[in-house]
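The figures here come from the full heavy-atom set of this structure, side chains too, leaving out hydrogens, waters and symmetry mates.
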Amino acid sequence: MSQPARVRFAPSPTGFLHIGGARTALYNFLLARQTGGQFLLRIEDTDQKRLVPGGLEDLLASLRWLGLQWDEGPEADGVCGPYLQSQRKEIYQAHADELIARGSAYICFCTPARLAELRTRQQQRKESPRYDGLCRRLTPAEAEARVRAGEPHVVRFKTPREGATTVVDVLRGEITVHNKDLDDSILLKSDGWALYHLAAMVDDHLMMITHVIRSSEWLPSLPLHAMIHRAFGWDEPKWCHLSVFLKPSGKGKMSKRESAELMKEGHSVFVRDLRELGYTPEGVINWIALMGASFDEKQDVFSLPELVERFSLDHLTPAAAAVNFTKADHFNGVHLRRLAPEELARRMRPFFEKAGLAADEALLRRIAPLIQERVVTLDDGVEMAGFFFREHVVSAASDLVGKGMTSQASTEAVHAASEILADHADLADPALEAKLRDLAERLGLKPGQLFGILRAAVTGQTVSPPLFGSMAIIGREKVLARLGAAERTLRAM
RNA sequence: GCCCCCAUCGUCUAGAGGACCAGGACGCGGCCCUUUCAAGGCCUAAACCGGGGUUCGAAUCCCCGUGGGGGCACCA
């Protein structure tokens with residue numbers, strides 16, 4: 001085992017937690033647990049304009065639902081707090097000052113208007129938009145005087161103009177860029193707030209982060225981030241940039257509109273939606289863990305503890321991965337089948353209640369084994385087993401007529417079956433099935449023909465959980481009542 | 001436009017120079033089991049982006065091309 005890793009998930013609460021963020025959080029969590037280290041949650045909320053109401057709450061709830069509890073962060077105080085960047089403004093300002101003192105940053109007075117104009121000119125000339133370094137020429141005395149005079153200003157990083165910067169990414173090896181291709185990025189805005197580049201690097205250092213595991217959209221600014229660490233004289237953390245998720249077609253990232261379309265098909269990229277759609281934390285975790293990774297040559301079903309055991313950054317792949325919702329269903333079904341029936345019942349209950357069915361827990365517990373290998377998501381049970389909770393079921397007349405049979409023959413079959421069933425106080429009697437098979441034979445029917453009619457009569461469905469198990473749970477009285485109703489429907493044809 | 005990253009079945013991936021007529025999983029198709037639907041079991045089809053090198057030997061290393069992705073904000 002490697003040294004204990006101190007890692008962090010550092011989202012910005014500008015929306016609801018999606019599977020990309022969840023997977024980043026998961027890998028951080030796994031490395032921390034795997035190495036006996038700590039998993040921190042830091043909220044990057046320096047840009048108050050972009051915050052979404054309820055975003056933070058959703059984030060904490062989604063992470064907890066997935067089972068990714070953080071060791072330090074909001075609602076889990078630690079020695080490195082506060083863990084909300086909005087409460088760390090002065091820390092960043094002090095570090096910006098230090099960078100200026102070290103000659104690695106400078107104060108810039110250029111107005112947004114000049115910057116915009118500069119950018120336009122550069123684009124017209126087909127040059128990359130970059131700050132021209134005008135304020136680099138200011139002497140410290142000049143700069144200080146203008147600051148004191150109240151002139152608006154930002155702090156920029158003084159990126160070397162010559163040479164190249166090399167940074168090592170765990171998944172990709174050395175990445176080298178020419179410094180001339182880099183910009184003098186802004187570190188501190190004119191309102192005094194730090195930008196991500198400064199805030200995140202300062203916090204990662206102060207919070208003693210050993211591995212920065214984040215989305216690969218940060219790769220382009222990796223050289224800047226490494227230079228910031230180096231400018232302070234700090235040791236760099238290990239950098240690990242995760243592959244991005246592409247839409248199912250593999251062409252491009254998921255857009256907002258596509259996410260809405262997905263929801264209609266029972267899929268989503270948002271954790272809160274997945275939960276509502278009847279996915280389990282186990283299924284979602286398993287699904288996203290394997291998008292961009294492989295932990296075993298012969299096995300791909302894992303629980304969270306199993307993932308902790310096997311996790312290693314070496315198992316991650318740098319290539320982008322297309323999201324595959326069919327696979328989410330598969331993993332969800334697998335994990336649903338792994339649940340103890342009582343647990344399945346407990347988890348399905350809210351979905352029955354949401355559907356307006358008074359789901360008695362004891363009854364649900366008896367039903368669970370019957371539908372366990374049939375449900376893909378927790379809400380599937382409602383459609384599959386709703387008939388257990390309803391007083392009456394309505395069967396379509398056409399469904400009550402056996403395959404290849406007349407309504408007359410079907411009526412007789414229902415009637416004869418009712419008489420046999422009436423003889424059994426307990427429909428769980430194992431002899432019952434043999435008797436009904438005998439009946440089928442006597443009537444010259446295949447078992448499937450008779451059972452099909454009974455299924456439709458008793459459950460109101462053509463597809464249902466096993467007939468005998470279902471009847472045993474429904475009970476003789478109700479079964480006979482439903483059969484009687486079916487007989488009346490058939491006679492009326 | 002510029003910079004960076006990536007490239008094995010439809011999809012997620014195994015593969016770190018000979019163990020590969022390329023393995024697993026999802027999905028697809030077929031068979032078995034079966035009262036429906038599932039689940040389960042068995043089987044089939046399906047890939048090393050292209051071109052140059054290096055090497056006795058390349059899916060694996062290098063270069064070029066192509067394709068895909070990401071980034072170029074006083075957002076994160």
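- Residues A/Trp193 and A/Tyr92 keep their aromatic ring centres 6.0 Å or farther apart.
- When distances are taken from the side chain of A/Ala319 to each of B/G70, B/A7, B/C72, the shortest belongs to B/A7.
- Closest to the A/Ala321 side chain, of the nucleotides B/C3, B/G71, B/U13, is B/U13.
- Which of B/C74, B/A76, B/C6 sits closest to the side chain of A/Ser12 comes down to B/A76.
- Counting only distance, with no hydrogens or angles, the side chain of A/Glu236 and the backbone of A/Val168 share no donor-acceptor pair below 3.5 Å.
- Taking only side-chain nitrogens and oxygens, A/Lys189 never comes nearer than 4.0 Å to OP1 or OP2 of B/A73.
- For the pair A/Ser128 and A/Lys298, both in contact range of RNA chain B, the more 5′-proximal nearest nucleotide belongs to A/Ser128.
- Side-chain proximity of A/Lys126 to the nucleotides B/A14, B/G1, B/C74 is greatest for B/G1.
- For the pair A/Glu127 and A/Thr46, nearest-nucleotide mapping onto RNA chain B gives the more 5' position to A/Glu127.
- Closest approach to the A/Glu297 side chain among B/A14, B/A76, B/G69 is made by B/A14 (side chain taken as heavy atoms from C-beta onward).
- A 3.5 Å limit on both hydrogen-bonding distances identifies no Watson-Crick or G-U partner for B/U34.
- If you look at A/Tyr279 and A/Phe331, their ring centroids are not closer than 6.0 Å.
- Nearest nucleotide to the side chain of A/Glu217, out of B/G1, B/G70, B/C74: B/G70.
- Checking B/A39 for Watson-Crick or G-U wobble geometry (two distances, each under 3.5 Å) identifies no partner in any strand.
- Not less than 6.0 angstrom separates the ring centroid of A/His225 from the ring centroid of A/Phe157.
- The side chain of A/Arg119 sits closest to B/C74 out of B/C74, B/C26, B/C4.
- The CG atom of A/Leu182 sits 17 Å away from the P atom of B/G71 (whole-angstrom rounding).
- A salt bridge between A/Lys49 and A/Asp47 is present, with a side-chain N of the basic residue lying under 4.0 Å from a carboxylate O of the acidic one.
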Footprint string (nucleotides 32-48 of chain B, 5' to 3'): B base within contact, S backbone only, - free, heavy atoms under 4.0 Å: ---BBBBSS--------
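- Here the two rings, on A/Tyr83 and A/Trp70, have centers that are 6.0 Å apart or farther.
- In this structure, A/Asp380 does not pair ionically with A/Arg374, as no charged nitrogen and carboxylate oxygen lie closer than 4.0 Å.
- For B/U11, the OP1/OP2 oxygens have no side-chain nitrogen or oxygen of A/Lys327 closer than 4.0 Å.
- Checked against B/C6, B/C26, B/C74, the side chain of A/Thr326 finds its nearest nucleotide in B/C26.
- Across all strands shown, B/C56 pairs with B/G18; the Watson-Crick or G-U wobble distances both stay below 3.5 Å.
- Across the protein-nucleic acid pair, A/Glu174 atom CD and B/C4 atom C1' stand 15 Å apart, rounded to whole Å.
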